[in-house]
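Side-chain atoms are counted along with the backbone in the values below, which use heavy atoms only and exclude waters and symmetry mates. Just so we're on the same page: letters track the sequence lines, and every chain starts at 1.
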Protein chains: 2
Amino acid sequence: MTLSAPIPTWQSIRVPHGMGYRLKLLSQLMTRHLQEELDPYGLTPFHWLVLNCLWEQDGIATSALGERLRQVGGTLTGVLDRMEERGLVRRERDTHDRRIWRIWLTDAGRALEDCLPPHVHQVREKLLQGFSEAEQKQLSDWMDRMLANLS
Amino acid sequence: MTLSAPIPTWQSIRVPHGMGYRLKLLSQLMTRHLQEELDPYGLTPFHWLVLNCLWEQDGIATSALGERLRQVGGTLTGVLDRMEERGLVRRERDTHDRRIWRIWLTDAGRALEDCLPPHVHQVREKLLQGFSEAEQKQLSDWMDRMLANLS
DNA sequence: CAAAACTATTTCGTATGCGTAATATTAATG
DNA sequence: CATTAATATTACGCATACGAAATAGTTTTG
């Protein structure tokens, strides 16, 4: 019986080296760290993403928010329900098209734009500790290339 | 009022450039693609990960599986329930320590070791299309560095 | 103008993912 | 040896995440 040479880790698809597993785990670890930072505000990492979109475009339609974040409608309904319950956003019917619901920031939601970013910076800096500026640029470019490959 | 120079995308924490968001989205897109490949077998990407561990170490304890995959116990209970229901694994009490449940492959679970990898390779190749071998090695190294930073 | 097609959002069921608590079991301690 | 501490696993509640279906509303078509 012919023994196969072991596959190098960069090429492997198996736990714990497969890119799929490592991407999932990285995403999970980022979520865990960010969750710790956001807990004092009663927020989740997904809330941070939604707030990002609203700080930039208050009154965005639900469907446009879904496109922006590349998430399906059913996921958004639940998240927006909870953000509304927490007093961060309010939903309002579009004036011209009653199919459309627009998502508006409340004062509480708007006020978070100043205090949340330092926490997110902290997690980002932990992730990229030891990476040079050139490496960060290269990594960012490769992230975009992989995203384009899967889109 | 002093305008801030726009932050380069590689440095941004905001949607859609923040590393946290891009990692989450990459992981989700990988999951979606892999889910499509595994659907014909009635499997999910998490099943693939568990099967990986069992193909390598049949009879692994639940807690060791959790360590291997870096997942909490409660998550594993649900996944193993469903894999057991699908006839892929069976649980058995450890002979020496009744706290421990060992997870064993069934014939059906074992048989998947040959037919699943080509599908996973396909997703990996789509992800890394256009990346040279040197780039893949570098990316793999950086993935490990980021994982180490967050662990 | 009515019917058909499409869009927006929600609901529902299923699958993770996590923190906390409960239960059973084993190991350590005095 | 009895008590305490730790470990293993599950249950529970809450938070995503997705596909399919339902409902309401708008646009397109003939």
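- The distance from atom CZ of B/Arg99 to atom P of D/dT9 is 9 Å, rounded to the nearest whole Å.
- Considering only side-chain N and O atoms, B/Thr62 lies under 4.0 angstrom from the phosphate OP1 or OP2 of D/dT9.
- Residues A/Glu85 and A/Arg93 each lie close to DNA chain D; by heavy-atom proximity, the contact nearer the 5' end of the strand is made by A/Glu85.
- Residue B/Ser63 is classed as a sugar-phosphate contact, given heavy-atom separations below 4.0 Å to backbone atoms only.
- Atom P of nucleotide D/dT9 and atom CG of B/Leu76 are separated by 9 Å, given to the nearest angstrom.
- B/Arg99 has no carboxylate O lying under 4.0 Å from a charged side-chain N of B/Asp94, or vice versa, which leaves the two without a salt bridge.
- By the 4.0 Å N-to-carboxylate-O rule, A/Arg110 lies close enough to A/Asp58 to be salt-bridged with it.
- Taking atom CZ on A/Arg32 and atom P on D/dT16, their separation rounds to 16 Å, with Å as the unit.
- Contact footprint of chain B on DNA chain C: nucleotides with an atom under 4.0 Å from a non-hydrogen protein atom, first to last in 5' to 3' order, C/dA15 to C/dT26.
- Contact annotation: A/Arg82 reaches the phosphate of D/dT16 (side-chain N/O to OP1 or OP2, under 4.0 Å).
- Side-chain N/O atoms of B/Asn52 and B/Glu56 include no donor and acceptor closer than 3.5 Å.
- Note: CG (A/Leu49) to C1' (D/dT16) measures 12 Å, nearest angstrom.
- Along DNA chain C, the nucleotide nearest A/Glu67 and the nucleotide nearest A/Lys24 are compared for position; the residue whose nucleotide lies closer to the 5' end is A/Glu67.
- Side-chain contact, B/His47 with B/Tyr41: no donor N or O sits under 3.5 Å from an acceptor N or O.
- Counting any heavy atom pair closer than 4.0 Å across all strands shown, B/Arg102 reaches no nucleic acid atom.
- Counting only distance, with no hydrogens or angles, the side chain of A/Gln28 and the backbone of A/Leu25 share no donor-acceptor pair below 3.5 Å.
- Considering only side-chain N and O atoms, A/Gln71 lies under 4.0 angstrom from the phosphate OP1 or OP2 of D/dA17.
- Following rounding to the nearest Å, B/Leu29 (CG) and D/dC18 (P) show an atom-to-atom distance of 9 Å.
- The pair A/Arg91-A/Asp81 meets the salt-bridge criterion, with a side-chain N (NZ, NE, NH1 or NH2) lying under 4.0 Å from an Asp/Glu carboxylate O.
- The closest side-chain donor-acceptor pair between B/Arg124 and B/Gln136 falls under 3.5 angstrom.
- Note: CG (A/Asp94) to C1' (D/dT26) measures 12 Å, nearest angstrom.
- When the side-chain nitrogen and oxygen atoms of A/Thr44 are compared with OP1 and OP2 of D/dT16, one or more of them lie within a distance under 4.0 Å.
- D/dT16 atom C1' lies 9 Å from atom CD of B/Gln28, rounded to whole Å.
- Applying the 4.0 Å criterion to OP1 and OP2 of D/dA17, one finds that A/Arg70 has every side-chain N and O outside that range.
- Neither OP1 nor OP2 of D/dG25 sits under 4.0 Å from any side-chain N or O of A/His96.
- Using a 4.0 Å heavy-atom cutoff across all strands shown, A/Gly78 reaches no nucleic acid atom at all.
- Here A/Arg90 does not pair with A/Glu84 in a salt bridge; the nearest charged N to carboxylate O distance is not below 4.0 Å.
- In this structure, CG of A/Leu80 is placed 14 Å from P of D/dA15, rounded to the nearest angstrom.
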